[in-house]
Amino acid sequence: MANSTQQLLKSVFTNGPIEGNNTSVLSLLNQALQLVCERLECSAAFVLTSQYDKLFAVDTDIIDTLEQQCVSHFGASPASEALFSQHLQDNRSLCSSLFYNHQPIVYTCSPEQCFTADENPILIPFLDTLTALDIDCKHLALSPVLHVGNVKVVLGTLCVSDANHDVCQHENPCAFVQKLLDDTAYELASSLELRRLAVVLDNKDKQYQELFQLLPMACALIDLHNNVVLQNDVSKHNLPITIGQSLFDLLLKDDHPLLLDTLHIVREGILRQAWCEVPLRNGVQIHWYKFSFCHALNKQQQLLLMIEDVTERYRLADELSFHSNHDVLTGLPNRLQFENMLEELLNDEDHPPACIAFLDLDQFQVVNDLSGHQAGDLLLQQVATRLKQLLRKGDIVARLGGDEFGLLMLHSDMSSAQQVAKRICQQLFDHEFIWKGVKHNISASIGMAKVDYVDPDIYGVMSKADAACRLAKEEGRNRWHFYNPDDPQMHIMYNQMLASVDITGALALDQFELFYQLIEPLVKSETGIHMEILLRMVRSDGQYISPGVFLPAAERYNLAPRVDRWVIDNLLNWGGNNLATWDQLSMVSVNLSAMSLADKKFMNWLEMRLMVEPELVSKLCFEITETAAVSQLDQATGLIDLLRPFGCKIALDDFGSGFSSFAYLKCLDVDYVKIDGQFVVNLCENRSDKAIVSAICQLGKDMDFEVIAEFVENTEIGLYLKNIGVDYAQGYAINKPTRLAQLQHGLRTPWLI
């Protein structure tokens, strides 16, 4: 039987191509049954098979992929084969019983024979089937179900006479028959499972190839040597890349490190997907392409490269870079330009009637969360276009930041401003925004105020419109409010806002105070204190206002550079007055806002201020947020170039809170990276947080920057960070923010001993 089995297996895979048809399978089963009949000298044999696959069905409870068939061989009566096979296959209850039967069944109709019939509920319906087909059966043998992979097999034989010399000559004929059926059923099940797997793999490969070719964007597979091994049609027709070519051959040498870092990040598992943007020559022109890499999940460990032409975006960015007064995304005037125009209006001696409005999109974050930031950007562009169409001729619309727009309606009174607001709310509510099949409902809240020339500066006018906008949001959104000082609710909101964010007055009256919080070394010993400088606003009653209240307002009203200037100036004054303590310190970190990075006047002032404090500046470390650094990469790089000659350090704050690629770290060349506190506060209980913190820690070792973990709330977190190699910790477990005036010396007291 061994030689026959080998031939049987050979025939499965050599009879034509591996395809999902039954021709070779039926031939295989029929050949096996013929061999069984010859070996047992029986009249007939049959095999019942069942198999399922999950090629397109993740769950067989959802999509039924079960296939059952019965094949029989009647040597003396070929006409009975089809009738018997179909009859048995249609008897679902009998088939189900056979597939759940795990005991061999032997039956003989004569008690004198060696075969004895056990009491078994399967026999009665099976014998009834034979009787219905007028098939005489002296002996019957059934194998138990054999289960190999996703295939089940039941094998049976029939005899219409008692003459069976080959079987009877064995010492135990019953055991001989059972073993032969078991062995043959196992061989058949194994052969069918092997073929099923071959068909599945072949179909999977074809499916992958077809999907790869049909992708609407340029794609390629990259091998371990960074060579292109496969391209889809879009890539072949639109890109200067050919199979066998190295990706590095396409790039200028100056761009090789960026591509190499991006490939390293994916191959080492730091990120599942990483991207970089590089210039390539396509014909006579230089085009910019975004290369996105992820694992192809094949045994060759290849990478899938998705290529997007971003030339137009770069062209627009270059063009708009010359217009510092306009928003890059929408092309509208930005906040700086809007405030300049408003200030010019307030200085107009003719005092023309005008109204100002703040417009906030309602639940804009929902669009970003559900459909991504690309969808959000597109929505902002569409809203900007609609607003320009809905305003009157001569009116001005500006993007103030995020999803906030400013409107300046010249030669306008309360009535005409309300008509404009009504038109905008209605049109935006009717605007359909669909992203990849998902429809988003759009609406806006608008706050308006009359330009009052009594106001001493633009911030008084803007605060009134802002208060009206907030009230519109609180009252249900998709509505507008005109500022009315006689409205009690509006008046309270406006006064509370001014009372909490009177930054201009606080700067003039010096109503700020410096605090500090320790940054504790975990893996090395330092004698001096490493600390971060924090800021508090002091009320007239001596109570402190949290920076979470006034700093967003400083950003909103373009006062952040003035606040940063106050902090740096007063810190350096304190250091000069406490030089002995300053010399003991290890490092002093100061935060810079994104607006300060973009303010040329502030940057010029900072350079001059540092030049007059040579004995202090080497201890300074300036922190900028990840979002600010990535969104203003040129300004961030300029800050680094300015500070390096002074010996100052650079820290990237809130790292991980944005959506930037790790590849930006290569461009920024920072000394410290501060992990955003959301990944630290639950570190000991959250596996994902552990993975992210460990990845950033390893990246720091590879790229030579030190890692600081914020929001360390207990010693357990501190010990875990220390064990994985995080360099510094900061949080309430170490110390709470303390008044800088109370610092008596700069020597460190160890936290974890």
Side-chain angles (χ1 to χ4, degrees), residues 312-313 316-317 319-320 323 325-339 341-342 355-410 412 416-449 462 465-466 468-482 552 555-556 558 627 631 659:
E312 182 65 13
R313 177 161 57 82
L316 289 175
E319 187 175 300
L320 291 173
H323 308 285
N325 292 326
H326 288 80
D327 174 54
V328 174
L329 180 64
T330 62
L332 297 176
N334 58 17
R335 174 182 284 274
L336 180 62
Q337 177 69 359
F338 184 78
E339 292 178 353
M341 289 187 289
L342 182 57
C355 291
I356 182 178
F358 277 5
L359 181 150
D360 269 354
L361 295 182
D362 298 329
Q363 297 180 329
F364 174 74
Q365 190 60 40
V366 174
V367 178
N368 278 339
D369 292 342
L370 291 180
S371 297
H373 285 263
Q374 286 185 331
D377 288 348
L378 178 60
L379 174 58
L380 291 174
Q381 292 171 335
Q382 292 182 3
V383 169
T385 301
R386 295 292 291 144
L387 290 177
K388 288 189 291 185
Q389 296 170 344
L390 294 171
L391 288 179
R392 305 169 309 163
K393 184 178 180 180
D395 289 347
I396 297 164
V397 56
R399 185 187 176 202
L400 305 183
D403 62 336
E404 184 180 38
F405 295 85
L407 310 177
L408 186 56
M409 294 170 278
L410 304 173
S412 173
S416 60
Q418 287 179 326
Q419 288 297 322
V420 172
K422 179 180 179 181
R423 183 164 62 244
I424 291 174
C425 283
Q426 181 63 46
Q427 291 295 317
L428 289 184
F429 186 76
D430 293 337
H431 179 75
E432 282 195 356
F433 180 70
I434 301 176
W435 177 266
K436 295 181 179 179
V438 178
K439 180 180 178 181
H440 295 280
N441 295 321
I442 306 303
S443 63
S445 300
I446 303 175
M448 295 170 290
M462 296 174 70
D466 195 6
C469 183
R470 293 189 183 187
L471 186 58
K473 278 189 175 294
E474 288 187 1
E475 292 189 352
R477 302 174 180 176
N478 189 33
R479 61 189 64 213
W480 71 93
H481 268 291
F482 201 98
E555 294 279 356
R556 176 183 292 271
N558 200 26
T627 304
S631 62
F659 301 89

Mind listing the closest non-hydrogen atom pair of [X] and [Y] along with its distance?
| X | Y | value |
| --- | --- | --- |
| A421 | I446 | O-CD1, 3.8 Å |
| F482 | A449 | CZ-C, 4.0 Å |
| G331 | H326 | O-CD2, 3.4 Å |
| S412 | A417 | OG-N, 3.6 Å |
| F358 | C469 | O-SG, 3.8 Å |
| A375 | F433 | O-CZ, 3.2 Å |

I'd like to know whether CD of Q381 has more than 12 heavy-atom contacts from other residues, nucleotides or ligands below 6.0 angstrom. yes
Of T385, L380, L387, the one forming a side chain to side chain contact (heavy atoms under 4.5 Å, CB included) with V383 is L387
Only one of L407, I356, L332 passes side chain to side chain contact (heavy atoms under 4.5 Å, CB included) with F338, and that residue is I356
Residues at least two apart in sequence or cross-chain that pass salt bridge (Lys or Arg N to Asp or Glu O under 4.0 Å) with D403, listed by chain then number, are none
Less than 4.5 Å apart, side chain to side chain, heavy atoms only: is that true for [X] and [Y]?
| X | Y | answer |
| --- | --- | --- |
| K439 | E432 | yes |
| H481 | E475 | yes |
| I424 | L391 | yes |
| S416 | M409 | no |
| L342 | M462 | yes |

Spacing of [atom1] belonging to [X] relative to [atom2] belonging to [Y], to within rounding of 0.5 Å:
| X | Y | atom1 | atom2 | answer |
| --- | --- | --- | --- | --- |
| L378 | L329 | CG | CG | 9.0 Å |
| N478 | L361 | CG | CG | 11.0 Å |
| Q337 | E339 | CD | CD | 10.5 Å |
| R386 | I442 | CZ | CD1 | 12.5 Å |
| R479 | F429 | CZ | CZ | 11.5 Å |
| K422 | Q419 | NZ | CD | 6.0 Å |

Please confirm whether the backbone N or O of [Y] pairs with a side-chain atom of [X], one donor and one acceptor, at under 3.5 Å?
| X | Y | value |
| --- | --- | --- |
| R423 | L390 | yes |
| N334 | A398 | no |
| R392 | L410 | yes |
| W435 | S371 | yes |

- Message: Just by distance, no angles: are the side chains of S445 and D362 close enough, under 3.5 Å, to form a donor-acceptor pair?
- Response: yes
